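This one's a predicted model, so the numbers in the text were calculated from it and none came from an experiment. Values below: every heavy atom of this structure, side chains too, minus hydrogens, waters and symmetry copies. Throughout, a chain's letter reflects where its sequence line sits, starting with A, and its residues are numbered from 1.
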There are 2 protein chains.
Amino acid sequence: MLSFAEENYLKAIFHLSDSGATEVSTNAISDHMSTKPASVSDMIRKLDEKGMVTYKKYYGVNISKKGKMMALQVIRKHRLWEVFLVDKLKFNWDEVHEVAEQLEHIRSGLLIQRLDEFLDYPKVDPHGDPIPDENGDMAVAKKTPLDKVEVGVKGKIVAVNDEGSSFLQYLDKIGIYLGAKLEVTERVDFDGSMEILIDNKQKVFISREVSQNILITD
Amino acid sequence: MLSFAEENYLKAIFHLSDSGATEVSTNAISDHMSTKPASVSDMIRKLDEKGMVTYKKYYGVNISKKGKMMALQVIRKHRLWEVFLVDKLKFNWDEVHEVAEQLEHIRSGLLIQRLDEFLDYPKVDPHGDPIPDENGDMAVAKKTPLDKVEVGVKGKIVAVNDEGSSFLQYLDKIGIYLGAKLEVTERVDFDGSMEILIDNKQKVFISREVSQNILITD
DNA sequence: AAATATTTTTAGATAACTCTAAAATATTTT
DNA sequence: AAAATATTTTAGAGTTATCTAAAAATATTT
Ligand SMILES: [Mn+2]
Ligand SMILES: [Mn+2]
Ligand SMILES: [Mn+2]
Ligand SMILES: [Mn+2]
C-alpha cells in the first residue's frame with residue numbers, strides 16, 4: 001500500500017508526464033511539489049523499487065502501467081470529492097481543492113463507489129476536469145486553451161487549468177464560469193492579451209496568463 | 001497544529017478518562033491503542049509540553065481543558081462522518097467506524113460546518129453516541145447498560161458500546177437495532193446471561209458480554 | 001574539445017513515530 | 001519492611017520523509 005507521500009508523488013509524475021506520455025525530470029517534480037530535488041531522487045528510487053515508475057539515473061522517470069492506475073485512482077477520488085463539496089455542501093469552486101487534497105487519500109473502496117453513486121456518476125469536476133472511472137478510463141473532450149484562438153472565435157468555457165483560489169476568485173469577479181458562452185473580440189499580438197465577450201453581455205480584457213488557463217470547446 | 005497520531009492519543013485519553021474525569025495510566029493507553037507503553041510515555045511527554053495533558057511521571061496523565069476541546073472536535077468529526085456514511089451513502093452501521101477513523105482527521109472548518117448543516121444537525125451517531133457541537137457541548141442522555149437491569153424491566157435500545165463489525169453484525173442477526181423496544185424476560189444470575197423480548201416479537205438469549213454493550217433508556 | 005553551467009545524485013542530519021531491552025519506580029504480597 | 005511483582009520510563013535503534021552541502025553526471029557555451 002502506498003503512503004500519502006507516495007500517492008502525491010505519483011500524481012505529480014502523472015500530471016507532469018502528460019498522463020504518462022513522456023518522462024519527467026527530477027527538478028520538474030521538485031518544482032511542482034515544493035520539495036528539494038534530493039528528496040525527489042530518494043522517492044523515485046523507492047517508487048521504482050515498488051514498480052510504480054521506471055527510473056534511469058540522471059534521465060528522469062516514466063510512470064508505469066501500475067503507477068498510472070494508482071495515480072488515476074487518487075485523481076478519481078480527488079475529483080469526486082470536489083464534486084461532492086460543490087454540489088452537496090455548497091462550496092464555491094475556489095474552496096474545494098485544498099480539502100480534496102486531503103480527502104483523496106481516504107482509503108475505502110466502498111466509500112468511493114457509494115460517493116460516485118450518490119453524486120449520480122459525474123463525468124467532470126467543478127473545474128471541468130474529467131473524472132476517471134474505476135478502471136481509470138475517462139472521457140477526453142477536446143479542449144482549447146483560450147490563448148491559442150483567433151479573434152472572432154466563439155466557444156463555451158469548459159474547464160480551467162489553475163485551481164488556485166486567487167485565479168478562480170478573479171474569474172468569479174469578471175463573470176467567467178464553467179458553461180459560459182464566449183467570443184474573442186480583440187487580440188493584442190504583442191503580449192497575447194485579449195478582449196472577450198461573455199454570454200453576449202459583458203466585455204472583459206484579460207492577460208495571456210489568464211487566457212492560458214481557460215479552456216474552451218468550439 | 002496536532003498530528004494524526006497526537007489527535008488519536010488525545011481521543012484515547014479522553015475516552016479512557018471518562019471524558020476527562022480521571023487520570024489515565026500508560027498501560028491503559030497502550031492497550032487501547034495497540035502501541036507499546038514506551039511509545040505512550042514518549043507521546044504523553046510531548047502532549048504535556050503542548051499543554052494538552054498534565055503528566056506526572058509514573059502517575060499517569062490528566063487531559064487538560066485545551067486537550068479536551070481538541071479531542072471533542074475530533075470526536076465531533078468522527079460522528080458526523082458516521083452519520084453521513086449511514087444516512088447519505090447507505091452504509092450499514094457496522095461499516096462506518098474504520099472509515100470515520102480516517103475522515104475524522106480531515107482539517108477544514110468550513111467542511112465540518114457544512115457537513116453538519118447538510119446532515120441537518122444530527123444529535124447522535126449511528127451507534128447512539130452524542131455528537132458534540134462546535135463548542136464541545138453535547139446532550140448527555142441517561143443510558144443504562146443492559147447487564148445492569150432486572151427481569152421485567154422494559155426500555156428502548158438507544159446506543160451500543162462496541163462499534164466493531166462482528167458485534168454489530170451479530171446484533172443485526174438477532175434483530176437488535178437502535179430504537180427497538182425491549183423487555184428483559186429472564187436472567188441467569190450465575191453468568192449474567194439473559195433472555196430478552198425485542199419489539200414484543202422475538203425472544204433472544206444473549207450473554208453478559210453482549211448485554212454489557214447494549215444501552216437502554218427506561 | 002575544453003570550460004562553464006546546470007541538473008541530479010549521494011552523504012549525512014533531523015524530526016516524528018514506533019519498537020525492544022534494560023533500568024527505574026511503584027505496588028502488592030508475604 | 002523486605003521481597004516479589006507489576007508498571008513505567010529511558011536508552012538505543014529502525015522507518016519514512018524531509019533537508020543542506022558536496023560530489024558526480026549531463027548539457028551548454030565558447
Ligand atoms: Mn483539485
Ligand atoms: Mn478540480
Ligand atoms: Mn466510530
Ligand atoms: Mn459511532
Side-chain angles (χ1 to χ4, degrees), chain A residues 1-17 22-63 67 70-71 74 98 101-102 104-107, chain B residues 1-17 22-63 66-67 70-71 74 101-102 104-107:
Chain A
M1 204 178 52
L2 298 179
S3 68
F4 286 19
E6 289 168 330
E7 288 187 345
N8 285 332
Y9 273 92
L10 229 35
K11 203 165 44 118
I13 295 166
F14 178 81
H15 282 133
L16 291 169
S17 70
T22 62
E23 77 286 309
V24 187
S25 77
T26 300
N27 270 2
I29 298 168
S30 135
D31 274 11
H32 190 260
M33 303 201 55
S34 307
T35 57
K36 301 294 164 182
S39 308
V40 175
S41 282
D42 265 4
M43 183 54 97
I44 58 188
R45 190 185 32 68
K46 203 170 59 161
L47 288 173
D48 183 274
E49 279 161 15
K50 293 197 176 190
M52 297 293 163
V53 301
T54 53
Y55 168 43
K56 236 190 94 190
K57 266 187 200 171
Y58 291 102
Y59 288 93
V61 279
N62 285 276
I63 196 161
M70 294 304 306
V74 178
E98 303 274 301
E101 284 291 312
Q102 299 178 58
E104 72 188 5
H105 301 293
I106 303 291
R107 286 172 229 281
Chain B
M1 203 178 55
L2 298 178
S3 68
F4 286 19
E6 290 169 330
E7 288 187 345
N8 286 333
Y9 273 93
L10 229 35
K11 204 165 44 117
I13 295 167
F14 178 81
H15 282 133
L16 291 168
S17 69
T22 62
E23 77 287 311
V24 187
S25 78
T26 299
N27 270 1
I29 298 169
S30 136
D31 274 9
H32 191 260
M33 303 201 56
S34 308
T35 56
K36 300 294 163 180
S39 309
V40 174
S41 282
D42 264 5
M43 184 54 96
I44 59 188
R45 190 186 31 69
K46 202 170 58 161
L47 288 173
D48 183 274
E49 279 160 16
K50 293 198 176 189
M52 297 294 163
V53 300
T54 53
Y55 169 42
K56 236 189 93 189
K57 266 187 200 172
Y58 291 102
Y59 289 92
V61 279
N62 284 278
I63 197 161
K66 205 165 134 195
M70 294 303 308
V74 178
E101 283 292 312
Q102 300 177 58
E104 71 188 5
H105 301 294
I106 302 292
R107 284 172 230 281

* **Check: A/Ser39 and A/Tyr9 side chains under 4.5 Å, non-hydrogen atoms** =>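 When only atoms from C-beta onward are counted, A/Ser39 and A/Tyr9 do touch, with a gap below 4.5 Å.
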If I take atom [atom1] in residue [X] and atom [atom2] in nucleotide [N], what distance separates them, rounded to the nearest angstrom?
X: A/Phe4; N: C/dA16; atom1: CZ; atom2: C1'; answer: 15 Å
X: A/Asn8; N: D/dT18; atom1: CG; atom2: P; answer: 9 Å
X: A/Met33; N: D/dT18; atom1: CE; atom2: C1'; answer: 12 Å
X: B/Glu6; N: C/dA16; atom1: CD; atom2: P; answer: 8 Å
X: B/Lys36; N: D/dG14; atom1: NZ; atom2: P; answer: 18 Å
X: A/Asp48; N: C/dT9; atom1: CG; atom2: P; answer: 11 Å

* Asked: Considering only heavy atoms, which members of residues 51-62 of chain A lie under 4.0 Å from some atom of DNA chain D?
  ->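 The stretch gives A/Tyr58, A/Tyr59 as the residues lying under 4.0 Å from the strand, ordered by number.
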* Specify the residues of residues 22-32 of chain B, ordered by number, for which at least one heavy atom lies under 4.0 angstrom from an atom of DNA chain D. =>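 When residues 22-32 of chain B is checked for heavy atoms under 4.0 Å from DNA chain D, the hits, listed by number, are B/Ser25, B/Thr26, B/Asn27.
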* Asked: How far apart are the C-alpha atoms of A/Glu23 and A/Thr54, what are their side-chain angles, what is the distance that settles it, and do they pass the side chain to side chain contact (heavy atoms under 4.5 Å, CB included) test?
  -> CA-CA 9 Å; A/Glu23 77 286 309; A/Thr54 53; over 6 Å; no
* For B/Tyr9, report the nucleic acid contact type (base, sugar-phosphate, nothing); a contact means any heavy atom under 4.0 Å. =>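 Contact class for B/Tyr9: sugar-phosphate only.
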* Asked: Counting any heavy atom closer than 4.0 Å, what does A/Ala5 reach on the DNA or RNA strands: base, sugar-phosphate only, or nothing?
  ->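 Result for A/Ala5 = sugar-phosphate.
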Please report, to 0.1 Å, the donor-acceptor pairs under 3.5 Å made by any side chain of residues 24-38 of chain B, with sequence neighbours excluded.
residue, atom, partner, partner atom, Å
B/Ser25, OG, B/Ala28, N, 3.1
B/Ser30, OG, B/Thr35, O, 2.9

Once side chain to side chain contact (heavy atoms under 4.5 Å, CB included) is applied, do any residues pair with [X], and if so which ones, sequence neighbours excluded?
X: A/Glu101; answer: A/Asn8, A/Lys11, A/His78, A/His97, A/Glu104
X: A/Lys57; answer: A/Tyr55
X: B/Thr22; answer: B/Ser17
X: A/Gln102; answer: B/Ile106, B/Arg107

* Asked: Below 4.0 angstrom from OP1 or OP2 of C/dT18, is there any side-chain N or O of B/Thr35?
  ->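 The answer is no; no side-chain N or O of B/Thr35 sits under 4.0 Å from OP1 or OP2.
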* Mind checking salt bridge (charged side-chain N to carboxylate O under 4.0 Å, His left out) for B/Asp48 and listing every partner two or more places apart, or none if nothing turns up? =>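 So B/Asp48 forms no salt bridge (charged side-chain N to carboxylate O under 4.0 Å, His left out) with any residue.
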* Starting at the 5' end of DNA chain C, write a dot or bracket for each base, bracketing those in Watson-Crick or G-U wobble pairs whose two distances are under 3.5 Å and using | for partners on another strand. => ||||||||||||||||||||||||||||||
Return the polar atom pairs (N/O with N/O) between nucleotides 13-15 of chain C and the protein under 3.5 Å, or none.
none

* **Non-neighbouring partners of B/Lys50 that pass side chain to side chain donor-acceptor pair (under 3.5 Å), sequence neighbours left out** =>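 B/Lys50 satisfies side chain to side chain donor-acceptor pair (under 3.5 Å) with B/Glu6 once adjacent residues are dropped.
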* Nearest-0.5 Å distance that lies between atom CD1 in A/Ile13 and atom CE in A/Met70 ->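 A/Ile13 CD1 to A/Met70 CE: 13.0 Å, rounded to 0.5 Å.
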* Among the nucleotides C/dT9, D/dT9, C/dT20, which one has an atom lying closest to any side-chain atom of B/Ile44? ->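 Closest nucleotide among those given: D/dT9.
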* Excluding sequence neighbours, so at least two apart, what forms ring pair (Phe, Tyr, Trp, His ring centres under 6.0 Å) with B/Phe4? ->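 If we apply the ring pair (Phe, Tyr, Trp, His ring centres under 6.0 Å) test to B/Phe4, skipping adjacent residues, the hits are B/His105.
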* Residue pair B/Leu47, B/Leu10: steps toward the side chain to side chain contact (heavy atoms under 4.5 Å, CB included) verdict -> CA-CA 8 Å; B/Leu47 288 173; B/Leu10 229 35; 3.9 Å; yes
* Asked: 5'-most contact on DNA chain D: A/Ser3 or B/Ser41, nearest heavy atom basis?
  ->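 Per heavy-atom nearest nucleotide, the more 5' residue is B/Ser41.
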* **Pair A/Val61-A/Lys56, side chain to side chain contact (heavy atoms under 4.5 Å, CB included): steps then yes or no** => CA-CA 7 Å; A/Val61 279; A/Lys56 236 190 94 190; over 6 Å; no
